[in-house]
2 protein chains.
Amino acid sequence: MAAQRGQRGGVGGDTPPAPTAAEITTPIPRVADVPAARERARAVPEAAVARLAVYLRVLSAMQEQGAVTVSSEELSAAAGVNSAKLRKDLSYIGSYGTRGVGYEVTVLIEEIERILGLTRKHSVAVVGIGNLGHALANYGGFPGRGFPVSALFDVDPDLVGVPVGGIAVHHIDDIPRVCSEREVSIGVIATPPPAAQTVCDRLVEAGVQCILNFAPVVLQVPDHVEVRKVDLAVELQVLSFHVARRADDAAATGGRQVNGMVVS
Amino acid sequence: MAAQRGQRGGVGGDTPPAPTAAEITTPIPRVADVPAARERARAVPEAAVARLAVYLRVLSAMQEQGAVTVSSEELSAAAGVNSAKLRKDLSYIGSYGTRGVGYEVTVLIEEIERILGLTRKHSVAVVGIGNLGHALANYGGFPGRGFPVSALFDVDPDLVGVPVGGIAVHHIDDIPRVCSEREVSIGVIATPPPAAQTVCDRLVEAGVQCILNFAPVVLQVPDHVEVRKVDLAVELQVLSFHVARRADDAAATGGRQVNGMVVS
DNA sequence: TACCGCTTGTGAACGCGTGCACAAAGTCAG
DNA sequence: CTGACTTTGTGCACGCGTTCACAAGCGGTA
């Protein structure tokens, strides 16, 4: 039973000659080597990808402030990670720094954008125009970097046709048609739990390959579809766990706490 | 590093089988051993905690459908993980299953709730009543499991005093006072980026130890404060990365990998 | 009571990500 | 041109988390 696995689900059909050392041998530090860059993207760890997005935001802010170059030390501090990790992350996408100097801000932004695929626009469809969906549709943060919300859907007949955030709401039955027409590549599910799976199926049917799911449901999707979920309840419960753990530690050690290790 | 942590040597001496551990020594699989349960919580991997929250939701749904027991196989399928991982996760919190039978639903719910600290209520404060904050304040999902939103804040004078989702909005200057009064244990930041750090500082000042941050900013907090961030832009960019990777794979393998809409 | 099949719990191996420490490589001053 | 200083890029080791595989344990059955 292949449920949904964001894991190493054999990508594509075959990649037989790729025993790859997982590490990059950096065959050629040549710039503008597109095929190599593409190849390299496959080796970027998932966790690093998320951090690259953060670096990108920080870099953009720095650029606006007129910064031309940054050292790994500065950038890592601003991004909240240690410098070694930052350099390692950047090394996954190539060698664009200058030893003794640092990285050129514009170059780094350009390269990260390329790796993240931000050079093309990704149409986003939001399904479920409730409180959250409404917020997402109006969210100014989405378009911030090339993610135009180009379609909205809901089941409620009263909402259909009403413009939200400048876009008319369609009925979810039109998901396949509208998404295909507008070449939606990312679907956002903000519906109540019971409707999530159905909506998901329609998005998949429409050819959407990436889904961002806000509904507290485990979606079943084909292997070729990527799902990321944002579960507020889970986040709160994880925090709750920490609150409890802290309280216990305090009670147990009388407030004494040694970084990481606790005497028992 | 001075601390080398007696990996296994510790108790050694006359223990032939050598439990090895450092992980769980599980001295006594006795139930109702509260101190031991508390101690154990500290050993639960972060990733497992998040999954436990998911299991909890699935279990609740099963309970409502009248299920009395579940096997690791059933539960794992419903939660979207493999059964081995599920059993390992559950083993972190104790041994509450019956071999040859499975787990009793009610018992498991109870134990997970205890470990996650859901036996006590956690007051939540939402700061920033914009689109997102508004949605969060009205969000019916929060209280779902003991997370009452008990305070709202914003800078906008026009919003102060206005009730949103049944609760009056306070000015952010009142964060310290109100949060202390209402014993807020979790703060949710849904403000624009520039205001996030300031708001965060006030929450910390008010004694809030856990923060859920929706603002695309890296918050600086004292060590004793736990922060979890939900960054929509990052999520989208990670998905974008996958879209790009897929397209590349398709191009590389000759356009195989199809679903109807693969560009080249 | 003895056997059999089923499911849990976990020891152990594996793999990935993280952090350290250093060589390589470039800049700048004299 | 040389030497000293700075910062990158990465080999390597460590530790955590995931996965496998199986012994232990329990219920049902003869």
Side-chain angles (χ1 to χ4, degrees), chain A residues 5-9 19-29 40 42-52 69-77 80-104 107-108 111 260-261, chain B residues 1-8 15-29 31 40 42-52 69-77 80-104 107-108 111:
Chain A
R5 296 162 49 90
Q7 197 104 305
R8 59 152 253 143
T20 56
E23 285 297 341
I24 299 134
T25 322
T26 27
I28 305 172
R40 200 176 270 138
R42 207 166 289 113
V44 183
E46 185 82 9
V49 173
R51 285 192 298 269
L52 283 172
T69 61
V70 276
S71 65
S72 62
E73 206 62 51
E74 297 174 90
L75 185 51
S76 66
V81 302
N82 78 33
S83 65
K85 188 186 290 185
L86 176 127
R87 289 199 299 277
K88 178 81 78 178
D89 287 344
L90 292 182
S91 77
Y92 291 132
I93 67 175
S95 297
Y96 304 106
T98 304
R99 296 173 190 233
V101 179
Y103 303 88
E104 206 170 324
V107 172
L108 222 44
E111 294 304 328
M261 288 303 289
Chain B
M1 287 301 258
Q4 187 167 336
R5 301 186 52 188
Q7 191 156 296
R8 70 173 57 203
T15 3
T20 315
E23 272 287 11
I24 304 134
T25 319
T26 30
I28 305 172
V31 188
R40 201 175 268 137
R42 208 166 288 116
V44 183
E46 185 82 10
V49 173
R51 286 193 296 270
L52 283 171
T69 62
V70 276
S71 66
S72 61
E73 206 63 51
E74 295 174 272
L75 185 51
S76 65
V81 301
N82 78 34
S83 65
K85 188 185 289 186
L86 176 126
R87 288 199 300 276
K88 176 75 80 178
D89 287 343
L90 292 182
S91 78
Y92 290 132
I93 67 174
S95 297
Y96 303 107
T98 304
R99 297 175 190 233
V101 178
Y103 303 88
E104 206 169 326
V107 172
L108 222 45
E111 294 304 329

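Proteins come first, then strands; the chains are lettered A, B, ... in the order of their sequence lines, and each starts at number 1.
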Item to complete: State whether the distance check finds a donor on one side and an acceptor on the other, under 3.5 Å, for side chain R99(A) versus base dT8(D).
Response: yes
Practice prompt. Flag the pair S76(B) / N82(B) as yes when at least one side-chain heavy-atom distance between them is below 4.5 Å, and no otherwise.
Written response: no
Discussion item. Looking at Y103(A), I'd like to know whether one of its side-chain N or O atoms comes within less than 4.0 Å of OP1 or OP2 on dG9(D).
Written reply: yes
Practice prompt. Kindly determine whether L108(A) and L75(A) satisfy side chain to side chain contact (heavy atoms under 4.5 Å, CB included), including the steps that lead there.
Written response: CA-CA 11 Å; L108(A) 222 44; L75(A) 185 51; 4.1 Å; yes
Fill in: Atom pair distance, as rounded to whole Å: CD in E73(B) and P in dT8(C)
8 Å
Worksheet item: Please walk me through it: do R87(B) and Y103(B) pass side chain to side chain contact (heavy atoms under 4.5 Å, CB included)?
Response: CA-CA 10 Å; R87(B) 288 199 300 276; Y103(B) 303 88; 3.8 Å; yes
Practice prompt. Determine whether T98(A) and T69(A) make a side-chain contact, defined as any pair of heavy atoms from C-beta on separated by less than 4.5 Å.
Written response: no
Worksheet item: Taking only N and O in the side chain of R51(B), is any of them less than 4.0 Å away from OP1 or OP2 of dT18(D)?
Response: yes
Item to complete: Using whole Å, report how far CD of E74(A) lies from P of dT6(D).
Response: 14 Å
Practice prompt. Check A48(B) against D89(B) and note the closest heavy-atom contact, atom names and distance.
Written response: CB-OD1, 3.4 Å
Practice prompt. Please report, rounded to the nearest Å, how far the P atom of dT10(C) is from the CG atom of L90(B).
Written response: 11 Å
Practice prompt. Using atom OH of Y92(A) as one end and atom C1' of dG11(D) as the other, report the distance to the nearest whole Å.
Written response: 12 Å
Worksheet entry | Any T98(A) side-chain nitrogen or oxygen under 4.0 Å from OP1 or OP2 of dG26(C) | no
Worksheet item: Between atom CD in E46(B) and atom P in dG17(D), what is the gap in whole Å?
Response: 9 Å
Worksheet item: More 5' along DNA chain C: K88(B) or V101(B), using each one's nearest nucleotide?
Response: V101(B)
Worksheet entry | L86(A) CG - dC20(C) P separation (whole Å) | 14 Å
Fill in: Phosphate-side-chain proximity, S72(A) and dT7(D), N/O vs OP1/OP2 below 4.0 Å
no
Worksheet entry | Distance, rounded to the nearest Å, where L108(A) contributes CG and dG9(D) contributes C1' | 14 Å
Worksheet item: To the nearest Å, how far apart are R87(B) CZ and dC22(D) P?
Response: 13 Å
Worksheet item: So, is N82(A) near the phosphate of dT18(C), with a side-chain N or O under 4.0 Å from OP1 or OP2?
Response: no
